[in-house]
Protein chains: 2
Amino acid sequence: MKATRKSTEEKLLLAARRLFCRAGIHATGITRILEEAGVARGSLYTHYGSKENLLKAVFDTEANMWFHWFDLDLPGLKCSARERILALFDLLEKWFEKEDFFGCVFINAVAEHEKDSAWVKDVAVTYRDQIIGRLGALVAESGAKDPDIVTQKLGLIIEGAIVTAMVTQNSQAAHIARLTAEDILRCMECSPSLPEGSASSATAAAVESA
Amino acid sequence: MKATRKSTEEKLLLAARRLFCRAGIHATGITRILEEAGVARGSLYTHYGSKENLLKAVFDTEANMWFHWFDLDLPGLKCSARERILALFDLLEKWFEKEDFFGCVFINAVAEHEKDSAWVKDVAVTYRDQIIGRLGALVAESGAKDPDIVTQKLGLIIEGAIVTAMVTQNSQAAHIARLTAEDILRCMECSPSLPEGSASSATAAAVESA
DNA sequence: TCAACAATAGACCGATCAGTCTATTTTTAT
DNA sequence: ATAAAAATAGACTGATCGGTCTATTGTTGA
């Protein structure tokens, strides 16, 4: 644990990350970031140049959190791939429990920016692909029969847990997600579709006519 | 199918809903809504009084979409509760496939507004509770052993599907969510925790020390 | 000690925002 | 046909925003 004084850059980054998630990016003015960081107005522009670049830097730190989980924390557990997948949800729970957790900055940023041809969405999707890729490697290592589907299922419940935790402000979402992950893993080697067979397409057709 | 001319109120509501989701609420100026709706500036304020009230009206329409699904579309299928639960994901898929789907206005609004003591979050949570309540009734009707947990699992993957579809712009998320729902329902009557038993707490303890 | 640099406070700018207002035209109901 | 109501275009306001600039104060290394 280094006792080095927090640099001006770090102070800005932490305040921005916190405020962007807690109050929204557009709703957060430069002045508020500077107040919370305890930094002068000019320093923001010497270090980052613009609010947009500061947001990019916040994206990087959030991505690094995920990469740290997948590349350092989980491999350090030295247990089976299946157990490491489940341990990911314990990491999520610890994240949700932080007093300054207010959702995922990628998801929140995409939500409040243009969905067509905006750099925000492109960066978010790029990082998402890298995270899902690491998750996929874990799933493949676990010996799943259909690793791609399992990975997509797990990715979906991770995003669901993040949003549920953000909206309900309850870290229990991680536990529910873990239970769901256990269901997915338990069904991993079973038949890929429902035993009832034709029921799936029957309801789909009925909905189509609604 | 009524051929009644769209009222000024409706035109504003539709344009606002579309733009709030596609470009974000803060990023969408009044002027842009008026242009897209083809409505004069003053009319917005005679009908809604403020941008905030317009957002509230958009919330109502989105909630009514969900209520229509649960109270009219799904009961109209006249099939088992289990099949109606799965049919919900087909409705989701149809929603995601719409050319003007850009996420859920509740989730997006919460993402870009203050998370502490803001009316936006309160309204979103209230509507969410009503929707989850209807989902819970469906789960209870299906005879689940632990209906509350199953409901939370299903609610989580619904939110996950919405966010995944928003970020990836791919309606396939609904299909993945349906497959996951099938896993949940299949495990519904099995043992509530992993057969491996102590593995769960073992990884949790290991993560705790990370 | 002193020069080079980093950080500070805060005035300032142009742009944009939500919202108001007026004067005019269109629609509606009788 | 006509009066009342609704919708229109667009100028306008005060506030806020991101970003720039200047003058001053600490800080650091030789």
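First the proteins, then the strands, lettered A, B, ... as listed; each starts at 1. All values derive from a computational prediction rather than experimental measurement.
A distance of 5.0 Å separates CH2 of A/Trp66 from CG of A/Leu92, quoted to the nearest 0.5 Å. To the nearest 0.5 angstrom, A/Leu138 atom CG is 4.5 Å from A/Ile85 atom CD1. Separating the OG1 atom in B/Thr180 from the CD1 atom in A/Ile184 is a distance of 4.5 Å, to the nearest 0.5 Å.
Rounded to whole angstrom, the span from the NZ atom of B/Lys51 across to the C1' atom of C/dT20 amounts to 17 Å. A/Leu34 places its CG atom 13 Å from the P atom of C/dA7, with the value rounded to the nearest Å. Atom OH of A/Tyr45 is separated from atom P of D/dT20 by 7 Å (rounded to the nearest Å). One can place CD1 of A/Ile30 at 6 Å from P of D/dG19, the figure rounded to the nearest angstrom. For the pair A/Ile33 CD1 and D/dG18 C1', the computed distance is 11 Å after rounding to whole Å. What separates CG of A/Leu54 from P of D/dG18 is a distance of 11 Å, to the nearest Å. Atom-to-atom, NE2 of B/His47 to P of D/dA6 comes out at 8 Å; the value is rounded to the nearest Å. Put simply, NZ on B/Lys6 is 19 Å from C1' on D/dA6, counting in whole angstrom units.
Looking at heavy-atom distances under 4.0 Å, A/Thr28 makes contact with sugar-phosphate atoms alone, never a base.
With hydrogens and angles ignored, the 3.5 Å screen pairs a side-chain donor or acceptor of B/Lys115 with a backbone N or O of B/Val110.
Within the 4.0 Å cut-off from OP1 or OP2 of C/dC17, not a single side-chain nitrogen or oxygen of B/His26 is found.
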Per-nucleotide protein contact string for nucleotides 8-13 of chain C, where B marks a base within reach and S marks sugar-phosphate only (heavy atoms under 4.0 Å, - for neither): BSBB--
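Judged as a salt bridge (charged side-chain N to carboxylate O under 4.0 Å, His left out), the pairs with a partner in residues 34-58 of chain A (not counting sequence neighbours) are, in order, A/Arg18-A/Glu36.
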Output side-chain donor-acceptor pairs under 3.5 Å for residues 102-109 of chain B, partner residues at least two apart or in another chain, one line each.
residue	atom	partner	partner atom	Å
B/Asn108	ND2	B/Phe102	O	3.2

